[in-house]
Amino acid sequence: MRLDKFLADMNIGTRSEIKKMIRKGLVTVNNEVIKDSGVSVTSNDEISFNGELISYQEYEYIMLNKPAGVISASEDKRQETVIDLLDERHRKDLFPVGRLDKDTVGLLLITNDGQLAHDLLSPAKHVDKLYRAKVTGALDESDVKSFAQGIKIDDEFTSLPARLKIISSGDISEAEVTIREGKFHQIKRMFSALGHEVTWLKRVSMGPLTLDESLKEGEYRVLTTSEITALKGKR
Ligand code: URA
C-alpha cells in the first residue's frame, strides 16, 4: 500500500497532514528518509515517524467499560463518543459493535473488524448478551415467565424468549437478563411492558466475551488472543 495510507490507517494524522510530514522528512522507510508519499510499502518494511517505529495492525480489538454519558457512535459533532475515550489506539477506522444507550454502562467491543461485528450482531447467530439491571418495583415469578415466553412490546414487536434471573426484589429490584436480540432500548422496553422502569443497566457479557471487572468505567484494554479466538469461534 502507499506510504501515506499506511500512516493514515495507523492514525498518525489525516492524509494531507501526513503528506506534509513526509515532505518535511519526518518519515523513514528502512532507515532511509522518504519524501514521496506514494511510495509502496508492506508490513515487512520498517517505517518510522519522528524516530518512532510504527507497526501496521490490520485489525484492532478493544474492550471498553462504557461509562454513562457517552454515546455509542464513531463520531458526533456535539456529543462525546466511545471512540473519543480511546487515547491509545492504532486504527483510525474503529467503531463500536452494537449500541448501548447513553446511560447504559458496561461491556462494549470496539474494533475495525466488520465481519466479526456482523457475525456478533446477526440475529441468526444467536449471540447471548447478559445484562444486570435495577428496576422499580418488586419482581416475581410472573415476570420470569413473561420474559421466558417473549414480551409483546407493541403492535410491531414481540421479543424473543429471554431469561430473567431475580437477584433481589423490593422497591428497587435487581436482576440479570439474557437476550439474543439487540433492538433499540430493548431491555428498558421489555421491563416497561411489565410495569417496571429500568433505573440502571450494565452489559456484562456478549457471547464468550465477559467484561473485565478490573476495568473501571471509562477504562479499556486490548483483547487477549484467547478472547479474540473465542469470539471468532462464534462464527
Ligand atoms: N437494552 C436497553 O434498553 N438499553 C441498552 O443500552 C441495551 C439493551
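One-based numbering, in listed order, for ligands and for the atoms of each. Only this structure's heavy atoms are used, side chains among them; waters, hydrogens and symmetry mates stay out.
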- Which is it for Asp103 and Lys188 under the salt bridge (Lys or Arg N to Asp or Glu O under 4.0 Å) test, yes or no, and what are the steps along the way? CA-CA 11 Å; Asp103 57 355; Lys188 290 175 185 164; 2.7 Å; yes

- Message: salt bridge (Lys or Arg N to Asp or Glu O under 4.0 Å), that's the test. Do Lys66 and Glu219 meet it? Break it down for me.
- Response: CA-CA 8 Å; Lys66 180 191 171 296; Glu219 290 184 345; over 6 Å; no

- Item | Verdict with reasoning, Asn112 to Tyr59, per side-chain hydrogen bond (donor to acceptor under 3.5 Å, both in side chains) | CA-CA 6 Å; Asn112 62 321; Tyr59 292 114; over 6 Å; no

- Message: Could you walk me through whether His185 and Asp101 satisfy the side-chain hydrogen bond (donor to acceptor under 3.5 Å, both in side chains) test, starting with their C-alpha distance in whole Å, then the side-chain angles of each, then the deciding distance to 0.1 Å, before giving a yes or no?
- Response: CA-CA 7 Å; His185 292 336; Asp101 297 338; 2.9 Å; yes

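Atom 4 (N) of ligand 1 has Asp101 OD2, 2.7 Å as its closest protein atom, hydrogens excluded (heavy atom only). Counting only heavy atoms of the protein, atom 1 (N) of ligand 1 lies nearest to Ile187 N, 3.1 Å.
Residue contacts with ligand 1: Lys188 is placed with a nitrogen or oxygen under 3.5 Å of a nitrogen or oxygen of the ligand (distance criterion only). The shortest N or O to N or O distance between Leu100 and ligand 1 is not below 3.5 Å. At a 3.5 angstrom cut-off on N or O pairs, Tyr131 does not count as close to ligand 1.
At a 4.0 Å cut-off, not a single heavy atom of Phe184 sits close enough to ligand 1 to count as contact.
Phe184 has its ring centre no less than 6.0 Å from the ring centre of Phe157.
Of the heavy atoms in Thr104, only side-chain atoms (C-beta onward) come closer than 4.0 Å to ligand 1. With a 4.0 Å cut-off on non-hydrogen atoms, Leu201 touches ligand 1 through its side chain and not its backbone.
Between the side chains of Asn65 and Tyr220, not a single donor N or O lies within less than 3.5 Å of an accepting N or O.
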